[in-house]
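Below is one structure, written out as structure tokens; the observations come after it.
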Amino acid sequence: MKRTRIQKILSSETAIDEVLIKGWVRTRRDSKTFSFIEVNDGSCLNNIQVIADDQLENYEQIKRLTTGSSVSIYGTMHESPGQGQKWETHAIRVEIIHIAPDDYPLQKKRHTDEFLRTISHLRPRTNKYGAAFRIRSRLSFAIHKYFQDLGFTYVHTPIITGSDCEGAGELFQVTSLDLENPPKANGKTDYLADFFGKKANLTVSGQLEGELFALALGDIYTFGPTFRAENSNTSRHAAEFWMVEPEMAFCDLADDMDYAEDFIKFLVEFAMKDCAEDLDLFAKFVDKNLMNTLETIVSKQFIRLPYSEAVAILNRSGEKFNYDVFFGADLQTEHERFLAENHFHQPVIIYDYPKTIKPFYMRTNDDETTVAAMDVIVPRIGEIIGGSQREERLERLESRMDETGVARQDLWWYLDSRRFGSVPHSGFGLGFERLIMLVTGITNIRDVIPFPRTPGSIEF
RNA sequence: UCCCCAGUAGCUCAGUCGGCAGAGCAGGUGGCUGUUAACCACCGUGUCCGUGGUUCGAGUCCGCGCUGGGGAGCCA
């Protein structure tokens, strides 16, 4: 007999005669002539309540079942006379697979997120983290569903890259050289002797390669791990994270913003429908205002605000900021959060930033001072998407590279895309962990990724 | 990298003015009960993060370090 997932049993409309349940004991309560065993198998948030009668041959052992122990239970399904659950299982046979000793670190009561982070190998066994990682899985699927249904092509851009000028932060170097004793040429490390014959790094973005495929396949997206060696110590940054980067040919900044807004709305709505039970845990215990926030995202049109107007609003606000706001200054977290949380109370897309604060590949606007860039700012998280229309005009692109100190010869292949059938195109990057934070109300990025990598921390 | 806060039992925390280390939960034993963060009684638990100092005496005050958290920058 095959095991039945608890999710399937509990969601059943009609009684299932016989079931084989395999899972882990969450808690046990003894009565006079029987014992209630709560079993969870990870397939859903809820446990199934098993009634183990004292007539069972191994009842003495059953009474020693501890939290965390693994069991296999064969029994019959019945409507539960008690409150709190529709179905329960009356055990015919309880096989104890493994008893967890009493130093099992997870207690039945609440633990802090900080403690659970020190036992990341066990935290998926808790309600909260089980729910978070089920949602993470469903949202991964939703990303593919969204783009595949629109006819986008999924592209696997490289993880190891030879270009160090992708323009987004510090890089992790990849090498097969012996770091204790590297080969030298003219007193310097000789990268000709390294694995690829030149310096290599982990990718900080698949965008540049993504553009090449958009200019061949039309609409593409990437979804994969991304690495930044920044010494960032915040609740919103990790050294290894997952990013979604769509890139669309024949697409201007307005279309780009339309996609970004529609995409976020789709994902939030998907989670609300598809992960209702898990989401309910977060609405109850993590963020009481979560459902309001999510409803607002789905129902309200995002505010679209040129950077210059954002600066004007901030200056008019009378709010005291730590950083001054003026045209040409990058908007700080405090400014973005003020706009999304205090001023508009909803997601805001800020666009047309001064070119002086943006990278070389963004398209220069007709005013010659701004570029066709956009950031999507959401309450509580801040920036969740950053994107732009790309500079498709070869001469403009080359002069921007010269201005910003990016060597043309290193990106000859990128420039080729503007040499042969160049077209207007746009794209953006969405931080997947930040999306999960938005959807669940979890406030630390370390708690939405199974085994977080941050400066000084790579356990598990 | 910078600023601020914290570190006491397996977990969550209290610890007054510098004077013998203490609760809840978890665990054990017994009881009660179609229970559901079950309940009641009893029992055990310590490198007070490390290190140096001040003091008759330091969990408590001071210096340094480590770890964790919050905020900022970098960004997704």
Side-chain angles (χ1 to χ4, degrees), chain A residues 26-39 46-53 63-64 66-68 78 80-85 88 90 100-119 122 126-127 166-170 204-207 223 225-245 260 285 321-323 330-337 357-359 375-378 381-387 428-438 443-449 454-457 459:
Chain A
R26 281 293 173 80
T27 181
R28 203 193 74 248
R29 295 177 293 274
D30 295 327
S31 192
K32 192 163 209 153
T33 58
F34 56 91
S35 186
F36 294 104
I37 312 170
E38 296 263 353
V39 181
N46 288 319
N47 309 322
I48 193 153
Q49 175 165 287
V50 176
I51 283 83
D53 196 85
K63 284 208 334 192
R64 284 204 290 275
T66 53
T67 300
H78 301 269
S80 176
Q83 299 289 306
Q85 62 279 319
E88 63 184 24
H90 291 191
D102 61 20
D103 59 348
Y104 182 61
L106 293 172
Q107 58 180 39
K108 292 174 202 172
K109 286 204 175 184
R110 196 184 160 276
H111 288 286
T112 60
D113 293 321
E114 291 77 21
F115 171 69
L116 290 171
R117 229 169 269 154
T118 68
I119 50 166
L122 298 174
T126 64
N127 288 339
E166 288 167 342
E170 293 293 313
V204 292
S205 163
Q207 181 199 315
F223 180 27
T226 309
F227 307 89
R228 306 266 167 98
E230 299 288 346
N231 189 12
S232 297
N233 292 286
T234 82
S235 54
R236 302 187 310 283
H237 293 86
E240 178 183 293
F241 64 99
W242 283 61
M243 190 153 64
V244 185
E245 295 183 285
F285 300 116
F321 294 113
N322 289 321
Y323 292 83
D330 209 352
L331 295 182
Q332 304 296 317
T333 298
E334 58 176 346
H335 306 136
E336 294 177 344
R337 293 190 64 161
I357 56 171
K358 289 293 182 184
D375 284 350
V376 180
I377 314 298
V378 292
I381 309 295
E383 184 179 345
I384 194 167
I385 279 180
F428 61 82
L430 171 127
F432 185 52
E433 282 74 22
R434 290 185 183 177
L435 172 76
I436 299 170
M437 292 166 75
L438 175 70
T443 52
N444 195 312
I445 197 167
R446 297 173 182 88
D447 299 332
V448 296
I449 190 163
T454 51
S457 175
E459 194 66 60

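In what follows, chains carry the letters A, B, and so on, assigned in the order in which the sequence lines appear, proteins first and then strands, with residues in each chain numbered from 1. Because the structure is predicted, anything quoted here is derived from the model rather than measured. Atom set for the values below is all heavy atoms of this structure, side chains included, hydrogens, waters and symmetry mates excluded.
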Opposite nucleotide pairing with [N], Watson-Crick or G-U, both atom distances under 3.5 Å:
{"N": "B:G68", "answer": "B:C5"}
{"N": "B:G63", "answer": "B:U51"}
{"N": "B:C74", "answer": "none"}

Considering only the [atom1] atoms, how many Å lie between [N] and [M], rounded to the nearest integer?
{"N": "B:U45", "M": "B:C2", "atom1": "C1'", "result": "42 Å"}
{"N": "B:A72", "M": "B:U60", "atom1": "P", "result": "32 Å"}
{"N": "B:C20", "M": "B:G24", "atom1": "C1'", "result": "23 Å"}
{"N": "B:G31", "M": "B:G68", "atom1": "C1'", "result": "43 Å"}
{"N": "B:C17", "M": "B:U1", "atom1": "C1'", "result": "40 Å"}
{"N": "B:A26", "M": "B:C39", "atom1": "P", "result": "7 Å"}
{"N": "B:U54", "M": "B:C43", "atom1": "C1'", "result": "41 Å"}

For [N], take OP1 and OP2 only and decide whether either is under 4.0 Å from a side-chain N or O of [X].
{"X": "A:R446", "N": "B:G68", "answer": "no"}
{"X": "A:N233", "N": "B:C2", "answer": "no"}
{"X": "A:S31", "N": "B:U35", "answer": "no"}
{"X": "A:S235", "N": "B:G71", "answer": "yes"}

Per the atom types in the model, does the base of [N] pair as donor or acceptor with the side chain of [X] at under 3.5 Å?
{"X": "A:E114", "N": "B:G7", "answer": "no"}
{"X": "A:R236", "N": "B:A76", "answer": "no"}
{"X": "A:H111", "N": "B:C11", "answer": "no"}
{"X": "A:S232", "N": "B:C74", "answer": "yes"}

* Want to settle it: does A:R434 or A:Q85 sit nearer the 5' end of RNA chain B, counting the closest nucleotide to each? ->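 Looking at RNA chain B, the more 5' nearest nucleotide goes with A:Q85.
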* A:D30 and A:K63 ion-paired at < 4.0 Å -> no
* Asked: Is the closest basic N to carboxylate O distance between A:R434 and A:E383 below 4.0 Å?
  -> no
Dump the pairs, protein N or O against N or O of nucleotides 37-43 of chain B, anything under 3.5 Å, distances to one decimal.
residue	atom	partner	partner atom	Å
B:A38	OP2	A:R29	NH1	3.3

* **Reported OG1-to-CZ distance for the pair A:T226 and A:F432, which is rounded to 0.5 angstrom** =>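 Taking OG1 in A:T226 and CZ in A:F432, the distance rounds to 12.0 Å.
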* **A:S80 side chain to A:Q85 side chain, donor-acceptor N/O pair below 3.5 angstrom** => yes
* Asked: So what does A:T112 touch, heavy atoms closer than 4.0 Å: a base, only the sugar-phosphate, or nothing?
  ->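 Sugar-phosphate contact only - A:T112 comes under 4.0 Å of backbone atoms but never of a base.
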